[in-house]
Amino acid sequence: MATTADLARTATSLTASHLVCFSPACRATYPVTEVIYTCPACGSLLEAASDFSKLNAAALKKTWRERRMNNTPIDQSGVWRYRDLIPFLDDEKHVVTLREGNTPVLNAPRAAQYSGMDAVRFKHQGFNPTGSFKDNGMTAGASQARRLGMSRVACVSTGNTSASMAAYAVAGGLQPIIFIPHGNIAYGKLAQALEYGAKTLQVEANFDQILKLVRVLAEKLGIYLLNSINPFRIEGQKTIMVELMDQLDWQVPDWVIVPGGNLGNVSAFGKALREMKALGLIDRLPRLAVVQAAGSAPFYDYWQHRQPVFPTVEHPETLATAIKIGDPVSWPKAMLEVTTSGGTVESVTETEIADAKAIVGLCGIGCEPASAASLAGLKKLRAAGTITADANVICILTGNVLKDPDYVYRYHTGALEGPGGLIKGSFPNAPIVVPNNPDKIAKILS
Ligand code: F0G
């Protein structure tokens with residue numbers, strides 16, 4: 001964790017932000033120190049807003065490159081290096097960092113071939129300290145919790161948020177309390193939460209039901225809520241796009257493809273991209289494509305049919321448990337971002353996710369099931385002609401391959417049971433049991 005002494009004070013120090021109601025009809029503003037997650041006036045989502053008028057694009061690009069050379073924790077962090085665009089803290093001493101971000105952009109020719117593209121690149125958020133993109137947001141949320149003087153933090157999670165929150169909370173001297181749907185999260189993620197010392201409550205309900213419960217409990221017990229409804233989590237996740245553009249030398253790709261669950265990530269991406277364009281850091285927006293699992297795809301349904309009421313899924317189903325969410329809280333923000341960018345929303349089947357995941361593995365990269373929705377979605381969008389073969393595409397991989405080893409083993413041994421029955425994967429790779437006999441083994445290998 002960074003201490004005050006560690007932290008580099010820079011010319012562009014952190015400045016004040018405020019909270020604004022996301023609803024265009026309301027736009028009420030609140031101090032950034034108020035412990036609220038939705039607008040007290042109208043109940044809509046909140047967002048952090050900052051004055052960037054004194055920032056200069058060329059100077060920022062130079063400063064961010066220079067900070068990469070520094071050894072101070074705040075500059076080594078792939079989130080706080082870009083602190084000029086997330087200036088909500090009053091003092092850098094609150095920062096909790098595990099050197100998150102700094103995730104690579106990887107070329108994947110095998111994935112390009114699979115999806116019918118000339119080239120595909122993955123930005124792999126699974127390289128983060130706890131193995132998922134949640135760390136980008138959690139460093140921001142946990143730092144804000146410390147700034148507010150909170151002692152306990154809570155979240156409901158399909159696994160990654162809880163693993164990340166547990167790590168950042170204990171690193172920052174806060175007590176983590178996590179709520180997870182009983183029996184519905186991958187073991188790698190549950191193991192992390194236990195190891196980081198989180199008080200872990202397995203509730204017999206699904207993610208959407210537990211989120212309602214946790215919101216009530218957080219209010220009642222004065223615990224700080226760190227789900228992606230928390231606007232500071234979104235601010236942290238913005239840096240995934242800032243870092244990406246920095247890595248691409250500010251050459252904007254045609255498409256960024258991301259899996260969608262609670263829809264916080266795409267909301268953060270879109271906000272970052274709009275802010276970067278307004279600042280002149282980039283000259284256009286990439287198109288954002290959100291990909292959902294077919295059994296948990298309310299946003300896809302809404303995108304297709306634009307019903308008057310958002311069509312929540314009461315019993316979401318998918319083996320990609322990270323995105324098993326039927327009532328995504330950030331859908332209004334996601335809708336704005338996908339629309340503004342000229343993007344789209346796609347849905348993919350369990351088999352499409354499973355095979356795309358195996359292909360990511362065959363690239364030597366690997367990812368968890370939900371992450372592979374991005375490649376599965378790209379293949380589908382390419383086949384439909386929405387994305388051309390020569391497009392410059394970045395697929396976001398959201399979590400590490402080791403998050404869900406049970407899924408991996410079952411896929412490769414033909415035992416992966418999905419909501420619709422056994423999944424017949426096209427790229428199985430079962431281990432072979434052999435006798436302790438060189439001749440017999442040599443025969444098998446030839
Ligand atoms: N991919 C992974 C690996 C995730 O863990 C999540 C969300 C998503 C994609 C979807 O991101 O919700 O911002 O649209 N996981 C949350 C959790 C819900 O509790 O860990 P989103």
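Numbering of ligands and ligand atoms starts at 1, following listing order. No hydrogens, no waters, no symmetry mates; every other heavy atom, side chains included, goes into these values.
The pair Glu368-Lys357 does not count as a salt bridge, with every side-chain nitrogen at least 4.0 angstrom from each carboxylate oxygen. Checked for salt-bridge contact, Glu275 and Lys271 meet the test: a charged N lies under 4.0 Å from a carboxylate O. Under a 4.0 Å N-O distance rule, the pair Asp254/Arg284 qualifies as a salt bridge. Checked for salt-bridge contact, Asp404 and Lys189 miss the test: no charged N lies under 4.0 Å from a carboxylate O. Looking at Asp355 and Lys379, no side-chain N of the basic residue comes within less than 4.0 Å of a carboxylate O on the acidic one, giving no salt bridge. Comment: Asp246 engages Arg68 in a salt bridge, judged by a side-chain N to carboxylate O separation of less than 4.0 angstrom.
The aromatic rings of Tyr114 and Phe427 sit perpendicular, their planes meeting at an angle over 60°, well past the 30° parallel limit. Aromatic ring pairs are classed by plane angle as parallel below 30°, tilted from 30° to 60° and perpendicular above 60°; the pair Phe310 and Trp331 is parallel.
Of the protein's heavy atoms, Lys134 NZ, 3.0 Å lies nearest to atom 15 (N) of ligand 1. Scanning the protein for heavy atoms near atom 20 (O) of ligand 1, the closest one is Thr161 N, 2.8 Å. Given atom 11 (O) of ligand 1, the protein heavy atom at minimum distance is Phe133 CZ, 3.4 Å.
The residue from Gly261, Pro328, Ala322 that puts a heavy atom closest to atom 10 (C) of ligand 1 is Gly261. Considering each of Thr158, Val258, Val156, Ile396, the one bringing a non-hydrogen atom nearest atom 19 (O) of ligand 1 is Thr158.
Taking distance alone, with nitrogen or oxygen atoms compared against 3.5 Å, Leu263 approaches ligand 1 more closely than that limit. Between Ser371 and ligand 1, a contact under 3.5 Å exists for no N or O pair. In terms of polar-atom proximity, Gly264 is counted as a contact of ligand 1, with an N or O under 3.5 Å from an N or O of the ligand. Not one N or O of Lys189 is nearer than 3.5 Å to an N or O of ligand 1, by distance alone.
Close contacts of ligand 1 with Asn262, meaning ligand atoms under 4.0 Å from a residue heavy atom, involve 12 (O), 14 (O), 21 (P). Atom numbering of ligand 1 starts at 1 in the shown order; those under 4.0 Å from a heavy atom of Glu368 are 3 (C). Listed by number with element, the atoms of ligand 1 under 4.0 Å from a non-hydrogen atom of Ser157 are 17 (C), 19 (O), 20 (O).
Contact annotation for Ile325 and ligand 1: only side-chain heavy atoms (C-beta onward) come within less than 4.0 Å of the ligand. Here Lys403 has no heavy atoms under 4.0 Å from ligand 1, in either its backbone or its side chain. Residue Asn265 touches ligand 1 through backbone and side chain together, judged by heavy-atom distances below 4.0 Å.
Ligand 1 lies out of reach of Asn227, whose nearest heavy atom is not under 4.0 Å from it. Residue contacts with ligand 1 include Gly260, since one or more of its heavy atoms lies under 4.0 Å from the ligand.
For the pairing with Gln125, the side-chain hydrogen bond (donor to acceptor under 3.5 Å, both in side chains) check across Thr398, Asn160, Asn136 returns one residue only, Asn136.
Defined by atom type and a distance below 3.5 Å, a donor-acceptor pair is missing between the side-chain atoms of Asn184 and Thr321.
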